[in-house]
Amino acid sequence: MSTHAPQAAQAVTLPTTLDEAVAALTAMPAAVPVAGGTDLMAAVNSGQLRPAALVGLGKISEIRGWQYLDGHALLGAGLTHARMGRPDFAALIPALAASSRAAGPPHIRNAGTLGGNIASAAPTGDALPVLAALEATLVVAGPGGERREVPVSHLLAGMDLLRPGELIGFVRVPLLHAPQVFLKATGRTGPGRAVASVALVLDPARRGVRCAVGAIAPMPLRPLQAEQWVAQLIDWDNNRAIVPEALNAFGEYVAAACIPDAAPGEDGTVPPLPPAVLHLRRTVAALARRALGRALS
């Protein structure tokens, strides 16, 4: 909080249901929804945002838990990082729990929410590559009790944005019952914003590998060809065995797909990548290699 906070909003509405929140946003188009407020208050305090009104989501109990539904987990958008980092949730969706524990210091994890991480769509959002790798779907609440589903990847890519009055109510995540890993590199020791992150999940039923790389682009990147290539090298019938050389090759494949070489010059030569970019590529390769190794161990 800062001295700007009291001037940030002229009206505050505190609905107790998701539909009441949607109605409030519909009645006040200039209002901004707020749950944990970790991103919102940073924008307010820096002078980047002056919302005319706020719709607080903290009293909506229906979006603060989760339930099982047809082989999926339906996660409330109001789940905090701290809650998702607990052991019972980690047994359900390990990679999302790991990303929640890495989301920042305690006061950020206690306040920040899953829905807020998605709605703010910051490239460094730790939950985003996990949701992309899991191919999660959003359940969006709209006016008149309407509900529609949007793939997380579509929202992050700007292919299907939230409409006026809509709110992210839930996140539908498939339960794969298989190893999942989330790793990230930061610019300093301890909790911090990711320089690069990798989420990797195994899908034994489809004999597939899903990988998403975060923080290096405006949205998580899926190296689909690298996923398909390495899935063919895994012995799914023999403890998911793989030759060690394939781990290194997978890391390089993922890194090159997400951070490609520069375009050839007029003379046909390919200029070298700048040292900082080359270092980032090596970081992504190391994260992808380690993530796959841990998932298969």
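On a predicted model such as this, the values are computed, not experimentally measured, just so you know. Heavy atoms only: backbone and side chains are in, while hydrogens, waters and symmetry mates are out.
Residues L175 and L92 meet the side-chain proximity criterion, which asks for heavy atoms closer than 4.5 Å. Side chains of M84 and S99 form no contact here, defined as non-hydrogen atoms less than 4.5 Å apart.
Between the CD atom in E166 and the CG atom in L161 there is a gap of 10.0 Å [rounded to 0.5 Å]. The distance from the CG atom of L138 to the CZ atom of R148 is 9.5 Å, given to the nearest 0.5 Å. To the nearest 0.5 Å, the span separating CE on M219 from OG on S153 amounts to 6.0 Å. For the atom pair CG (D203) and CZ (R207), the distance works out to 11.5 Å, reported to the nearest 0.5 Å. Note that CG of L296 is 9.5 Å distant from CZ of F250, once rounded to the nearest 0.5 Å. Taking OG from S100 and CZ from R86, the interatomic distance works out to 11.5 Å, rounded to the nearest 0.5 Å.
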### Task
Could you check T80 against N110 for side chain to side chain contact (heavy atoms under 4.5 Å, CB included), going step by step and ending with a plain yes or no?
CA-CA 6 Å; T80 64; N110 288 334; over 6 Å; no

### Task
Take D235 and I242 through the side chain to side chain contact (heavy atoms under 4.5 Å, CB included) test and state the conclusion after the steps.
CA-CA 6 Å; D235 188 348; I242 192 172; over 6 Å; no

### Task
For L57 and L167, run side chain to side chain contact (heavy atoms under 4.5 Å, CB included): C-alpha distance rounded to whole Å, both residues' side-chain angles, the deciding distance at 0.1 Å, then the answer.
CA-CA 10 Å; L57 309 179; L167 275 174; 4.0 Å; yes

### Task
Check the pair D88 / R83 against side chain to side chain contact (heavy atoms under 4.5 Å, CB included), numbers first and verdict last.
CA-CA 9 Å; D88 60 338; R83 182 65 190 89; 2.7 Å; yes

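R210 contributes a side-chain N or O that, together with a main-chain N or O of L134, makes up a donor-acceptor pair within less than 3.5 Å. Checking side-chain atoms of R109 against main-chain N and O of G104 turns up a donor-acceptor pair under 3.5 Å. Counting only distance, with no hydrogens or angles, the side chain of R222 and the backbone of C211 share a donor-acceptor pair below 3.5 Å. No donor-acceptor pair closer than 3.5 Å links the side chain of W236 to the backbone N or O of R206.
Counted within 6.0 Å of CG on N239, heavy atoms from surrounding residues, nucleotides or ligands total 12 or fewer; the atom is thus considered open.
Using a 4.0 Å cut-off between a side-chain N of Lys or Arg and a carboxylate O of Asp or Glu, R101 and D126 do not qualify as a salt bridge.
For the side chain to side chain contact (heavy atoms under 4.5 Å, CB included) with L155, the qualifying choice from V140, D160, T137, I168 is I168, the only one to do so. Checked options E149, E135, H72; the residue passing with R172 is E149 (criterion: side-chain hydrogen bond (donor to acceptor under 3.5 Å, both in side chains)). When each of L75, L69, L74 is paired with F170, the side chain to side chain contact (heavy atoms under 4.5 Å, CB included) condition holds for L74 and for no other.
No continuous path of ILVMFWY side-chain contacts below 4.5 Å connects L221 to L128, so the two sit in separate hydrophobic clusters. Under the 4.5 Å side-chain heavy-atom criterion for ILVMFWY residues, a single connected hydrophobic cluster contains both L273 and V213. Linking Ile, Leu, Val, Met, Phe, Trp and Tyr residues whenever their side-chain heavy atoms come within less than 4.5 Å places V230 and V284 in a single cluster. Both F89 and Y68 are assigned to one and the same hydrophobic cluster, defined by single-linkage of ILVMFWY side chains at heavy-atom distances under 4.5 Å. V173 and I63 sit in two unconnected hydrophobic clusters of ILVMFWY residues. Membership requires side-chain heavy atoms under 4.5 Å apart, directly or through other members.
The heavy-atom pair separating P15 from I60 by the smallest distance is O-CG1, 3.6 Å. When all heavy atoms are compared, the tightest approach of P220 to L156 is CD-CD1, 3.7 Å. Listed here is the closest heavy atom pair of V22 and G165: CG1-O, 3.2 Å. Across all non-hydrogen atoms, the minimal contact from V55 to A31 is CG2-CB, 3.9 Å. Closest approach of F182 to P129, counting heavy atoms only: CE1-CG, 4.1 Å. Counting all heavy atoms, side chain and backbone alike, I216 lies closest to C258 at CD1-CB, 3.7 Å.
Listed by first and then second residue, the salt bridge (Lys or Arg N to Asp or Glu O under 4.0 Å) pairs that reach into residues 59-78 come to none, sequence neighbours excluded. Residue pairs meeting the salt bridge (Lys or Arg N to Asp or Glu O under 4.0 Å) criterion with at least one partner in residues 256-276, sequence neighbours excluded, are D261-R281.
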